[in-house]
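Residues take their numbers from the sequence shown, with the count starting at 1. Remember, it's 1-based here, ligands and their atoms both numbered in the order they're listed.
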Amino acid sequence: MADYLKPVPTADVETKPYWEGCKRHELLLPWCKHCKDYFFPPQAICPHCLKADIEWRKASGKGVVYSMSVVHQNKSPGFREQGPYVLAYVTLDEGVQMLTNVLANDPYAVKIGTPVEVTFEDATPEVSIPKFTVRK
Ligand SMILES: [Zn+2]
């Protein structure tokens with residue numbers, strides 16, 4: 001594993017199950033038992049009903065690109081070495097949106113509506129980060 005230069009997320013009590021799932025290469029989403037729906041980003045309290053009655057469910061890992069941009073200039077360590085990359089909002093099949101990267105040899109081949117699926121980048125031995133690739 002090469003040195004990972006980008007900032008690495010830190011799990012807290014609210015996001016620990018999410019990051020533990022990522023480490024196992026499983027995309028878990030918080031699901032509100034009261035609203036009977038998913039929400040994102042992970043937090044301990046449902047943003048819709050403000051109840052703490054949630055559980056973690058494994059997501060399909062599939063979705064479509066809702067919006068995207070090809071980033072050419074990012075001078076932050078770990079990004080400047082990367083070259084053009086895709087920053088995107090992905091709408092998961094479960095209905096929530098994630099701000100993420102879509103990994104593609106040709107970033108301009110990624111379009112709004114492109115079907116994608118999750119993959120995991122092992123940033124450190126402790127942290128894996130969900131990203132997406134174009135679904136074939
Ligand atoms: Zn709720």
- Message: Working note: Glu117 + Arg135, criterion salt bridge (Lys or Arg N to Asp or Glu O under 4.0 Å); need CA distance, chi angles, decisive distance, verdict.
- Response: CA-CA 6 Å; Glu117 63 188 351; Arg135 235 187 302 163; 5.2 Å; no

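Just one residue in the list Arg24, Lys23, Lys16 forms a salt bridge (Lys or Arg N to Asp or Glu O under 4.0 Å) with Glu20, and that residue is Lys16.
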Counting only pairs under 3.5 Å, give me each side-chain donor-acceptor contact of residues 42-57, with atom names and distances, residues two or more places apart or in other chains.
unit_1	atom_1	unit_2	atom_2	d
Gln43	NE2	Ile45	O	2.7
Glu55	OE2	Arg57	NE	2.7
Glu55	OE2	Arg57	NH2	3.0

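Residues satisfying the side-chain hydrogen bond (donor to acceptor under 3.5 Å, both in side chains) criterion with Gln97, sequence neighbours excluded, are Thr91.
Sorted by first then second residue, the ring pair (Phe, Tyr, Trp, His ring centres under 6.0 Å) pairs that include residues 74-101, not counting sequence neighbours, are Phe79-Tyr85.
What you find for Gly61 and Leu27 is that their closest heavy atoms are CA-CD2, 4.3 Å.
Around the Zn ion (ligand 1), the protein N, O or S atoms found under 2.8 Å comprise Cys32 SG, Cys35 SG, Cys46 SG, Cys49 SG.
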